[in-house]
Amino acid sequence: MMKRSLHVCNKTRDIISATEKILNFPLTQPDYFHLSELFTIKDLFEARVHLGHKKGCRHRLMEPYLFGSRLDTDIIDLEQTAEHLQRALNFTAHVAYRGGIILFVSRRRQFGHLIETTARECGEYAHTRYWKGGLLTNASIQYSPGVRLPDLILFFSTLNNVFQQHVGIRDAAKMNIPTMGIVDSNCNPSLITYPVPGNDDTPVAMEMYCRLFKMTINRAKDKRRQMELLKGISASV
Amino acid sequence: MAASGCRGVRSILWKYGSCGKNFCLSRSKTVPQLPVRQICVSSSLWKKNLAAAGPQKFTQEFIDKQVEEFEIGKRHLANMMGEDPETFTQEDIDRSIAYLFPSGLFEKRARPVMKHPDEIFPKQTAVQWDAEGRPFHFLFYTGRQSYYSLLHDVYEKILAMERHQDKMRNKGLFASETKQILLTGSRWQLKEEIEEYLVENISDHGYMRLIQLLEKLLSMPYCSLEEDFILKFRKQLEVQSSKHEIPALQHDPQGVAFSVADGRRKTAKASITLRDSGSGNITINGRNYLHCFPLLQDREQLMFPLHFVGMLGRFDVEGSVEGSGHSAQAGALRLAISRALLSFVSEGEVERMRQAGLLTADPRIRERKKPGQEGARKKFTWKKR
């Protein structure tokens, strides 16, 4: 009786340590999911990510991210963009790997359908419609008491239709939810956890961002499924 | 720590990183651990907010049990009434309950009722997320998932149609007169009907937006590809003329066709027999109509239905009328003649008569006198002081 329970507890301990390894090991690597091979600075340039708004629309806090301006149009520094994008993609991949809920948000009508389709294809969630006030802060009343909030919010455009900062950024900061935002030269990057300076107006650029995020999330989920399978095999062995 | 004393296998799922080295096996936890975020909360969050709990929620097992009890009760009731339990319908149940529990209450909804639980307990939306807390629908966080997903689907169809159009244009097969969807005799579904379909509340603005999108879909050349989808949101209108009861055409022993019909107006009741192959004679209460109705206006009312269908000299009208005054009697006779004419006239003519107002019974009756006033509307003289 004692021997059997000991053996059983050993097996449980093995399962727990395996799960621990699966969850903790990727955090020790700088680029566990090899996301640097997904894009190059040349790709960003060809997708016109470096084009900002005119000088008059420039936000003061975006000045560190700007390379300069040419004929009054602000040019975003693609080397900084590449770094920030790499960090953002890496964080997204880790959240997806650990089974977190990711919410794609944008208030641009031009790209709403594209973003909803991208979210559906990744198996994540989207919100490209009118943002109701208490969505995050009053969730237990607006939905049911046991609702689970998103673990990461991706803003594909941080401004709403009246060129003010999206309410979701402030709400996510209040609820301690990490955010990623594509900040153009007229946006405020202060409350966003992983800002990515880049163009949010051109269709080519938006399609590129959607493609990149979809690939990272799918990669991370596939990797997790692979690790679970391996753990299952090693546990049964 | 974990080794001794645990009996049986405990499977514990740790979704998020456990606290490293010093975690402990808890015995009874099978629920996945959600991340702990340090948020300051006030005591109002711990206390049970009765008002915010909303309407009472019934579990699926409870409703299933109620359905079972209803079925057994239905069979008992059938046996009690001496009828066959297999063919006992809802109307029979209502009849039996009204017989066994006679109630003098005026409010129908307060009387004893025995209905299927689906009609009594309000429909609730099922739990929207799985065991790990991930919602099923990808638009869950918008708050109105069915409505927005419908908008998403309609827009998807518009885009697909545009791509199809471009493909046909490239191949040179673009035809501007493609098959159009028949929309006559149907209307867009109302906001309430769409709310029922989506099991969600929509605002007026939202409903308008949906109809605009569907109209846009309809305006495209190849809309016939999505005909089934669009017709789901259109409701067929009933043909009004099909509701009229046409009196049966009877035949005399001589072979002459005739039809009988009734009409009412105010308190006058009239009954008409319309005989074919006649010469336009009108006899009312045994006397010629010139004696009954010396006023031209009343005689015109009698003529109007026959004049409208153009069969003035064809019929012999024989009628009886009682009650009210001359004008009301003329109106009652007119309605009776129009109804009798329905059996001699074609479908299209019936619709024309209906639109002319010949088949509508005039609902106006004398308004009662109210206390504190001279008559129905007339007030006593108003004195300022």
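Keep in mind that this is a model prediction, so the values were computed, not measured. Numbers restart at 1 for each chain; the letters A, B, ... are given by sequence-line order, proteins then strands.
- In this structure, K223(A) satisfies the cation-pi test against Y32(A), with its NZ or CZ atom closer than 6.0 Å to the six-membered ring centre and inside 45 degrees of the ring normal.
- Under the 6.0 Å distance and 45° angle rule, R87(A) does not count as a cation-pi partner of Y194(A).
- With W129(B) as the aromatic partner, R148(A) does not meet the cation-pi criteria of under 6.0 angstrom to the ring centre and within 45 degrees of the ring axis.
- Considering only heavy-atom pairs separated by less than 4.5 Å from chain B, the leading option among V147(A), L27(A), L135(A), N176(A) is V147(A).
- Ranked by heavy-atom pairs under 4.5 Å with chain B, the list H127(A), K174(A), E116(A), H113(A) is led by H113(A).
- Of the two parts of P145(A), neither the backbone nor the side chain holds a non-hydrogen atom closer than 4.5 Å to a non-hydrogen atom of chain B.
- In this structure, chain B has no heavy atom under 4.5 Å from any part of Q142(A).
- Proximity to chain B (any heavy atom under 4.5 Å) is shown, for S140(A), by neither the backbone nor the side chain.
- The greatest number of non-hydrogen atom pairs below 4.5 Å with chain B, out of G123(A), G146(A), A119(A), is found for G146(A).
- Cation-pi geometry between K221(A) and Y97(A) is not met: the NZ or CZ atom fails to fall both under 6.0 Å from the ring centre and inside 45° of the normal.
- Under the 30°/60° scheme for interplanar angles, the aromatic rings of F156(A) and F104(A) are found to lie parallel.
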